[in-house]
Amino acid sequence: ALPAPSPPPFRGPVTASVARHYDVAVVGAGPVGAVAALAHARRGARVALCEANPSSARRLAGEWLHPPAIQVLREIGIDLPSEIPEHARGQGFVVFPDDGSAPCLLPYGDGALAYSCRHQALVETLRLAAASHSGVEYRPGVRVRHIEGRSLHYTQNGSSGFLTADRIVGADGRGSIVRTSLGLSVARSVSSRMVGLLLPDAELPFEGYGHVLLGGPGPVLCYRIAPRHVRLILDVPLHGPAGRERAAFLWDGYADVLPGALRAPFRRVLSAGAFEGAANGVRGRRVYGRDDRFLVGDAVGYHHPLTAVGMALGFKDALCLAHCQSVAEYRARRRPASRVAELLAVGLYEALADSADEAVATRRAIYAMWRRRAAEGTRTMGYLACRDTRVVPFAWAFSRTIGRALRGLGGAAWRSGQWGHAGRVAGALLGRLRWLVVGILSGRAREESRPEPQDRVAEGRGVRAAPPSR
């Protein structure tokens with residue numbers, strides 16, 4: 001087992017006068033970057049792991065790891081539960097509908113477990129694991145400024161230098177310098193904002209499950225993160241107030257959708273101003289790299305954190321890349337493997353968060369599907385957690401849900417006589433089916449040198465106009 005998390009060892013500065021050559025240079029030592037470095041090193045590569053801002057681990061970021069993410073860590077020699085004592089286990093999600101009806105339980109099934117922990121503890125543990133491997137040189141404070149060929153030019157502590165590598169891996173997130181070096185956009189379309197709070201001594205109605213709470217200004221995700229703490233993440237519309245008015249807005253908007261046991265700790269934490277914020281957006285997973293430069297995790301693309309799929313996708317990117325010889329091979333393996341999770345992450349967030357009539361109809365159909373057969377909830381979690389990557393069964397389930405929504409719409413129109421309104425909503429529902437077809441067909445390989453289209457994100461809420469990745 002690894003020792004308790006502590007600052008990873010630093011093996012001395014790399015300067016221009018003693019520039020080093022590596023088999024692999026990983027830019028970004030967050031969770032995905034650390035996994036990428038360790039996965040390559042375990043296959044015999046000499047790896048430089050560069051991190052511009054080591055203190056970034058203290059930010060609000062991914063904490064829920066679906067079962068496939070845990071499996072990836074085990075494959076590279078990390079048993080997360082034994083390395084991080086302050087953690088919690090998860091059996092799936094439970095959704096609290098906005099109509100006040102009974103919660104819908106969505107277990108992983110087959111005894112599969114997720115794990116959640118503080119982001120900082122996760123990052124420090126994975127960095128230590130990577131840095132402790134003889135094939136990895138961890139380089140904190142190395143900020144890559146530009147990339148020319150196989151040379152990475154950087155600054156560190158006021159000095160400049162460069163290093164070279166046969167393979168360059170961009171694990172540096174949404175604003176990736178490696179992505180920029182490929183001529184790709186890192187512009188962000190913000191769909192909503194995320195506010196995170198840590199609630200001490202709080203109890204959840206369904207312990208061992210991530211809770212999705214609907215009915216407020218935006219969805220709420222909460223889950224146990226440690227034996228005595230619950231993480232609460234609020235999806236806040238862009239029109240929400242800032243500054244001193246924000247706490248009052250959050251209480252007025254979200255308190256009523258929280259389980260009773262969470263309201264008192266929620267009020268206390270809000271009153272103390274102890275909450276963090278981050279921006280949410282969408283970028284389709286279209287480009288995986290070019291030549292000797294590869295992208296993993298959020299540098300490829302990202303979606304709303306409500307579904308917690310980002311870490312699983314990123315870890316699987318990192319492990320897959322270590323076994324691939326070229327961008328073409330990597331792309332051919334990861335595109336079909338991530339297609340279903342990506343489509344579901346976009347479609348499910350829209351269905352649960354949007355207030356448009358077609359979204360409401362879709363939501364009701366989803367609730368009915370989950371309640372009709374318990375296996376449907378497990379199937380949904382299989383798609384969402386990247387355990388089931390089969391496109392055809394997913395497309396069939398999606399189509400049946402839209403069909404159920406259309407039948408419900410027709411029944412309502414028959415009773416009310418509002419056929420014009422029903423026709424408009426039906427057209428929007430059929431547009432969702434078209435979106436699915438385009439998303440599936442766009443999984444075919446395309447020329448990566450073509451200009452990358454911008455994700456069209458609807459102002460305010462977020463994903464209704466966002467196309468699937470090309």
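Hydrogens, waters and symmetry mates play no part in the numbers below; they use all other heavy atoms, side chains included.
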- Query: Tell me, do Val72 and Lys316 make a side-chain contact under 4.5 Å, heavy atoms counted?
  - Reply: yes
- Item | Short side-chain to backbone donor-acceptor contact, Ser132 and Ala129, under 3.5 Å | no
- Message: For His421 and Asp357, which I'm curious about, is there any donor-acceptor pair between the side chains at under 3.5 Å?
- Response: yes
- Task: Look only at the side chain of Arg89 and the backbone of Tyr115, and say whether a donor-acceptor pair between them is shorter than 3.5 Å.
- Result: no
- Plane angle bin for Tyr367 and Trp370 - parallel if under 30°, tilted between 30 and 60°, otherwise perpendicular: tilted
- Task: Please examine the side chains of Leu80 and Leu65, heavy atoms only from C-beta on, and report whether any two atoms are closer than 4.5 Å.
- Result: yes
- Message: Under a plain distance cut-off of 3.5 Å, with no hydrogens placed, do His40 and Arg167 share a side-chain donor-acceptor pair?
- Response: yes
- Just by modelled atom types, is the Arg390 backbone N or O under 3.5 Å from a matching donor or acceptor in the Asp388 side chain? yes
- Message: With heavy-atom distances below 4.5 Å as the criterion, would you say the side chains of Leu250 and Leu234 are in contact?
- Response: yes
- Does Asp172 offer a backbone N or O that forms a donor-acceptor pair with the side chain of Ser176 under 3.5 Å? no
- Does a side-chain heavy-atom distance below 4.5 Å link Tyr330 with Asp317? yes
- Query: Between His211 and Phe93, is the gap from one ring center to the other below 6.0 Å?
  - Reply: no
- When rounded to the nearest 0.5 Å, the distance separating OH of Tyr108 from OH of Tyr209 is 10.0 Å
- At what distance, to the nearest 0.5 angstrom, does SG of Cys104 lie from CE of Met369? 9.5 Å
- Message: Between Arg432 and Glu350, does any NZ, NE, NH1 or NH2 come within less than 4.0 Å of an OD or OE carboxylate oxygen?
- Response: yes
- Message: With a 4.5 Å cut-off on side-chain heavy atoms, are Pro336 and Val391 touching?
- Response: no
- Query: With no hydrogens and no angle check, is any side-chain donor or acceptor of Arg179 less than 3.5 Å from a backbone partner on Ser185?
  - Reply: yes
- Message: Can you confirm whether Val296 sits close enough to Leu321 that some side-chain heavy atom of one is under 4.5 Å from a side-chain heavy atom of the other?
- Response: yes
- Atom CZ of Arg434: over 12 foreign heavy atoms under 6.0 Å: no
- Message: Apply side-chain contact (heavy atoms from CB on, under 4.5 Å) to residues Val300 and Val287 and explain how you reach the verdict.
- Response: CA-CA 6 Å; Val300 181; Val287 181; over 6 Å; no
- Message: Under a 3.5 Å distance rule, please check whether Arg193 uses its side chain to pair with a backbone N or O of Gly277 as donor and acceptor.
- Response: no
- Query: If you draw the axis of the six-membered ring of Tyr302, does the NZ or CZ of Arg174 fall within 45° of it and under 6.0 Å from the ring centre?
  - Reply: yes
- Of all heavy-atom pairs between Arg363 and Ala353, which one has the smallest distance, and what is that distance? NH1-N, 4.3 Å
- Could you please spell out the steps behind the side-chain contact (heavy atoms from CB on, under 4.5 Å) verdict for Leu204 and Leu262? CA-CA 7 Å; Leu204 292 170; Leu262 295 183; 4.1 Å; yes
- Rounded to the nearest 0.5 Å, how far does CZ of Arg333 lie from SG of Cys324? 4.5 Å
- Task: Identify the two heavy atoms, one from Ala247 and one from Leu270, that lie closest to each other, and give their separation to 0.1 Å.
- Result: O-CD1, 3.8 Å
- Donor-acceptor under 3.5 Å (Thr401 side chain, Ala397 main chain): yes
- Task: Please report the C-alpha distance between Val220 and Leu232 in whole Å, then the side-chain angles of each, then the deciding distance to 0.1 Å, and finally whether the side-chain contact (heavy atoms from CB on, under 4.5 Å) criterion is met.
- Result: CA-CA 7 Å; Val220 177; Leu232 190 66; 3.5 Å; yes
- Query: Between Glu86 and Arg118, is the closest basic N to carboxylate O distance under 4.0 Å?
  - Reply: no
- Message: Salt bridge or not between Glu376 and Arg400? Use side-chain N to carboxylate O under 4.0 Å.
- Response: yes
- Message: Would you compute the distance between atom CG of Leu406 and atom CG of Leu430 and round it to the nearest 0.5 angstrom?
- Response: 5.5 Å
- Message: Testing the basics here: between Ile233 and Tyr223, what is the closest heavy-atom pair and its distance to 0.1 Å?
- Response: CD1-OH, 3.7 Å
- To the nearest 0.5 angstrom, please state how far the CZ atom of Phe394 sits from the CG atom of Leu343. 5.5 Å
- Message: For Tyr288, does the six-membered ring have the charged nitrogen or CZ of Arg334 within the cation-pi criterion, i.e. under 6.0 angstrom from the centroid and within 45° of the normal?
- Response: no
- From Arg404 CZ over to Ser399 OG, what is the distance, rounded to the nearest 0.5 angstrom? 13.5 Å
- Task: Of all the heavy-atom pairs spanning Val136 and Ala41, show the shortest one and how long it is.
- Result: CG2-CB, 3.5 Å
- Message: Checking the side chain of Arg290 only, and the main-chain atoms of Leu182 only, is there a donor and an acceptor separated by less than 3.5 Å?
- Response: yes
- Message: Using the rule side-chain hydrogen bond (donor to acceptor under 3.5 Å, both in side chains), only one of Thr307, Asn280, Asp235 pairs with Tyr349; which is it?
- Response: Asp235
- Item | Donor-acceptor pair between Ser101 and Arg371 side chains, under 3.5 angstrom | yes
- Check step by step if side-chain contact (heavy atoms from CB on, under 4.5 Å) holds for His304 and Met194. CA-CA 10 Å; His304 193 278; Met194 174 173 61; over 6 Å; no
- Message: Measuring only between side-chain heavy atoms, which start at C-beta, is Met311 closer than 4.5 Å to Glu63?
- Response: no
- Message: Could you check whether any side-chain N or O of Arg293 sits under 3.5 Å from a backbone N or O of Val178, counting only pairs where one atom can act as donor and the other as acceptor?
- Response: no
- Message: Looking at Arg74 and Asp79, would you say the former's side chain and the latter's main chain have a donor-acceptor pair under 3.5 Å?
- Response: no
- Query: Are any non-hydrogen side-chain atoms of Arg58 and Glu124 less than 4.5 angstrom apart?
  - Reply: no
- Where is the tightest heavy-atom contact between Val35 and Ala318, given as atom of each residue plus distance? CG1-CB, 3.8 Å
- Query: Between Thr389 and Ala337, what is the shortest heavy-atom contact and its length?
  - Reply: CG2-O, 3.1 Å
